[in-house]
Number of protein chains: 2
Amino acid sequence: MVTIEDVARHAGVATSTVSYALSGKRSISEQTRQRVERAVEELGYRPHAGARALASARTNTLGLMLPLRPGVDVRVVMEFVTGIVTRARAFDHDVLLVTQAEDAALERLAHGRMVDALILMDVEAADSRLARAAALGSPTILIGLPDDPQGLQCVDFDFAAAARLAVRHLSDLGHTSIGLIGPPPSVVERGTTFAERLLAGFHGGAERLGLTAHVELTPPTHAGALAAVEALRRLDETPTALIVHNEAALPSVVDSLQMHGVRIPADVSLVAICPADVAQSQSQPITFIDIPAESIGAVAVEMAMARLDRPDAPVETRLLRPTLSEGSSTAPRLTP
Amino acid sequence: MVTIEDVARHAGVATSTVSYALSGKRSISEQTRQRVERAVEELGYRPHAGARALASARTNTLGLMLPLRPGVDVRVVMEFVTGIVTRARAFDHDVLLVTQAEDAALERLAHGRMVDALILMDVEAADSRLARAAALGSPTILIGLPDDPQGLQCVDFDFAAAARLAVRHLSDLGHTSIGLIGPPPSVVERGTTFAERLLAGFHGGAERLGLTAHVELTPPTHAGALAAVEALRRLDETPTALIVHNEAALPSVVDSLQMHGVRIPADVSLVAICPADVAQSQSQPITFIDIPAESIGAVAVEMAMARLDRPDAPVETRLLRPTLSEGSSTAPRLTP
DNA sequence: GTGAAAGCGCTAACAT
DNA sequence: ATGTTAGCGCTTTCAC
């Protein structure tokens, strides 16, 4: 193995000079820097990660705890992972993966000095991991918005604002009765706060604008989507606009409307709140509000890095603002 | 931070005794072992991963290179990841994630002594990573079966055997004309060898049994599935049995047959080759051959571990054998 | 069965 | 601007 001493000898300098030339932590004459770099190149030197971690108390590794329970949408999980890994590399960090299933994983990573910081995905309203994470002393970022963050940093999509934005868009088009095809009941029961926040935004927005609002929590199955659509159509004041916050059900909802001979957007306007690629893979261009999972992951990494730089910076929660992309699934309400 | 010296002092023994008591690498009297364990417990000691890696040349970490390119089925990717992480933990190893997108990732992990072994997912027929991986000197396991494994270990599902098994099952039921709804053309073009192997098994099996065989490479879209089904039904000798190896298209194929008034299995028998959960989420219980992604991941880890134990053990390729689970989508052919 | 001590390869004072 | 050196916390000889 090529060590820093080999490089120093080869370049005719001290080991510390090599270290500093590589880290840039003190000024080095251009000449020696070049000699060092050449030596590194010629010998194919790579710093030993363990040695570096031992000496510097920095691992350049981030711990990521993934949910692998049934019922989570793996496409979204992968988007988070992509955003996290990509952004971490930009900060010269790697990502160590652990699963929710392993009980002592957080302690192992933090106390064993395997990672500089932790990112927890899929945080619920009352999450038993939080108290333990807060006790670790490692910078920890939560993806999600628990009832009590216990002093930890949070990042998430602003689901309430997304719902309000969707409602306002439809209201502006003249719709006065709006249906929401919501997430599965199981998601709500599980205590995932994004569902609550979305519902709060939906009801709050509708009330403020004087609209009639109906909600159908919808299992992510074809039959579930069908039933939800039918339930909404059976109402006295049948909604002329639909908000779909359920990526699994979206295709079935569209199908189901077509089956009933309901035209989009002539008879019903439709706004989806889902990852952009889901909306864009529909046969008709859907008006949608993107759930930017990859960006959320990237922001989580940035927050972790900021915390490592300035450990006593104020703790904050960041909520990513929604944007609506217009497709051909929304139109002004036809006055009857 | 609690160090091994703290533990030694607390237990009244030498640091080496603590180390050995914990690793079991030399015999320790029952009494001192207990004293050490108590001290570990009381102080909450966790070995420093970097220090351990530096001293022992072992990181207890596995590197996993994931494909994040568009077009890979993320559900299957997540199944691999689950199998790998879970099995790695059983061997007291963690998993470090890198993406295909980063060019020098393999060298970084291996030469920087960040991992003990590497697992490469989604290996293609002619994969540029292989030569570089072979040059690393780290144990490397390939998931997939390239044309030239360059001396590296491989593990994959036996797609050829799966196709033969499906063909034989249908032949045994009296079917003489079989259609294959295959993977997207893009997958075949990309040089993913599983598609080739499946096609070879399909044609070989059909020929040996004297059956008529037709293939439709099928984009993973509703329209693609529809077109494929219609193409097969337009043939002179319309197939009375279908093999679907395209998890994205499976639901659409089933829908499309229903739309045409084709009953399963009365008019057409259907065998799917796909992950079990995809088959089981259909409304009708489909006869299927599972693609056991999680098991493949677990086996990859086992191969890596075996190699670390015995670095000069013979290199092998492991192909997981298919099993067919009967549902209600296959039935004897009605003799006209 | 146990202890003492020499590194593992690096960083970061402390020198000059 | 560069060199010297004392650790970081652990494993593993070597010695008893």
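Predicted model only: the values in this text are computed from it and were never measured. Just so you know, these numbers use all the heavy atoms, side chains as well, and skip hydrogens, waters and symmetry mates.
In this structure a side-chain-to-backbone donor-acceptor pair under 3.5 Å is missing from A:E294 to A:E79. With hydrogens and angles ignored, the 3.5 Å screen pairs no side-chain donor or acceptor of B:R318 with any backbone N or O of B:V155.
Between B:M114 atom CE and C:dG9 atom P the separation is 17 Å, expressed in whole Å. With rounding to whole Å, A:I4 atom CD1 is found 12 Å from C:dA12 atom C1'. One interatomic measurement links the two molecules: CD of B:Q31 to P of C:dT2, which rounds to 8 Å at whole-angstrom precision.
Under the 4.5 Å side-chain criterion, counting only non-hydrogen atoms from C-beta, B:R307 is in contact with B:V315.
Look at A:S27 and you'll find a side-chain N or O under 4.0 angstrom from OP1 or OP2 of D:dA1. Using a 4.0 Å cut-off, no side-chain N or O of B:S16 falls inside it from OP1 or OP2 of D:dT12. For the pair A:S19 and C:dC10, the criterion of a side-chain N or O lying under 4.0 Å from OP1 or OP2 is not met. Between A:T32 and D:dT2 there is a side-chain polar atom (N or O) within less than 4.0 angstrom of OP1 or OP2.
With hydrogens and angles left out, the side chain of A:R9 and the base of D:dG3 share no donor-acceptor pair within 3.5 Å.
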- request: Could you walk me through whether A:L136 and A:E107 pass side-chain contact (heavy atoms from CB on, under 4.5 Å), step by step?
  value: CA-CA 7 Å; A:L136 292 177; A:E107 283 78 7; 4.0 Å; yes
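The residue among A:K25 and B:I28 whose nearest nucleotide of DNA chain C is located toward the 5' end is B:I28.
Rounded to the nearest 0.5 Å, atoms CG (A:L106) and CD (A:Q100) are 9.0 Å apart. Remark: A:S27 OG to A:R33 CZ distance equals 12.0 Å, nearest 0.5 Å.
Residue contacts shown for B:S29 are limited to sugar-phosphate atoms, with no base heavy atom under 4.0 Å away. Using a 4.0 Å heavy-atom distance criterion, A:R113 is classed as making no nucleic acid contact.
Defined by atom type and a distance below 3.5 Å, a donor-acceptor pair is present between the side-chain atoms of B:T59 and B:D116.
Within residues 44-62 of chain A, the residues having any heavy atom closer than 4.0 Å to DNA chain D are, in order of number, A:L54, A:A55.
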